[in-house]
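Before any comments, here is the structure.
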Amino acid sequence: MLVPTGFIHQAQLNEAVLEAAKALDAKEVRHVKFTIGSNANGEPSIFFGILLTAYAVHESRFADVTGRVASTLFDQLQPYNRWGLQPYFNFTSDYSHFRNPGWM
């Protein structure tokens, strides 16, 4: 896919996401995946799907966890500055929902 900063090297981006995911708390995040596509305005974007644990989705901590996870991934990856991608974050604790390819 062509983006303003050039071509995205999918393997490098995948490695960067895997590395950034290591910084997340395992008692809160079970898995991180992503797809690359265009947002509603046609801008190159990265869509993250984040599978949270039951602990993370408890009402008392959900907002804190999702904010921290999004900030960590954003800070570690710098998706716009490094890759020319607008980031979007989607969270679920439902594994069947997470596995659905159309979810993100």
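Values below: all heavy atoms of this structure, side chains included; hydrogens, waters and symmetry mates excluded. In this chain, numbering begins with 1 at the start of the sequence shown.
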Salt bridge (charged side-chain N to carboxylate O under 4.0 Å, His left out) with [X]: which residues, sequence neighbours excluded?
X   : answer
K22 : E19
E15 : none
D64 : R68

With sequence neighbours excluded, tell me which residues meet ring-ring contact (aromatic ring centres under 6.0 Å, His included) with [X].
X   : result
H58 : none
F34 : none
F91 : none

Looking at residues at least two apart in the chain, or sitting in another chain, which of them share a side-chain contact (heavy atoms from CB on, under 4.5 Å) with Y55? K27, E28, T53, R61
Any pair counted as salt bridge (Lys or Arg N to Asp or Glu O under 4.0 Å), so long as it reaches residues 44-56, sequence neighbours left out: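 Pairs touching residues 44-56 that pass the test: none.
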A70 and F89 have their tightest heavy-atom pair at O-CZ, 3.7 Å
Could you walk me through whether V29 and L51 pass side chain to side chain contact (heavy atoms under 4.5 Å, CB included), step by step? CA-CA 6 Å; V29 177; L51 181 61; over 6 Å; no
In the structure I gave you, are the side-chain heavy atoms of [X] and [Y] within less than 4.5 Å of one another anywhere?
X   : Y   : answer
S45 : L85 : no
F47 : I36 : no
L73 : F48 : yes
V57 : V65 : no

Do K33 and F98 form a cation-pi contact, if we require the NZ or CZ to be under 6.0 Å from the six-membered ring centre and within 45 degrees of the ring's axis? yes
How many angstroms lie between CZ in R82 and CG in L77, if you round to the nearest 0.5 Å?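 Spacing of CZ (R82) from CG (L77) equals 6.5 Å.
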With rounding to the nearest 0.5 angstrom, report the CG to CG distance, L18 to L13. 9.5 Å
Quick check: does any side chain N or O of S71 sit under 3.5 Å from a backbone N or O of V69, one acting as donor and the other as acceptor?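 Pair absent, no side-chain N/O of S71 close to backbone of V69.
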Please collect all side-chain hydrogen bond (donor to acceptor under 3.5 Å, both in side chains) contacts where either partner lies in residues 87-98, sequence neighbours excluded, each pair once.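 Listed once each, the pairs are N39-Y88, D94-S96, H97-W103.
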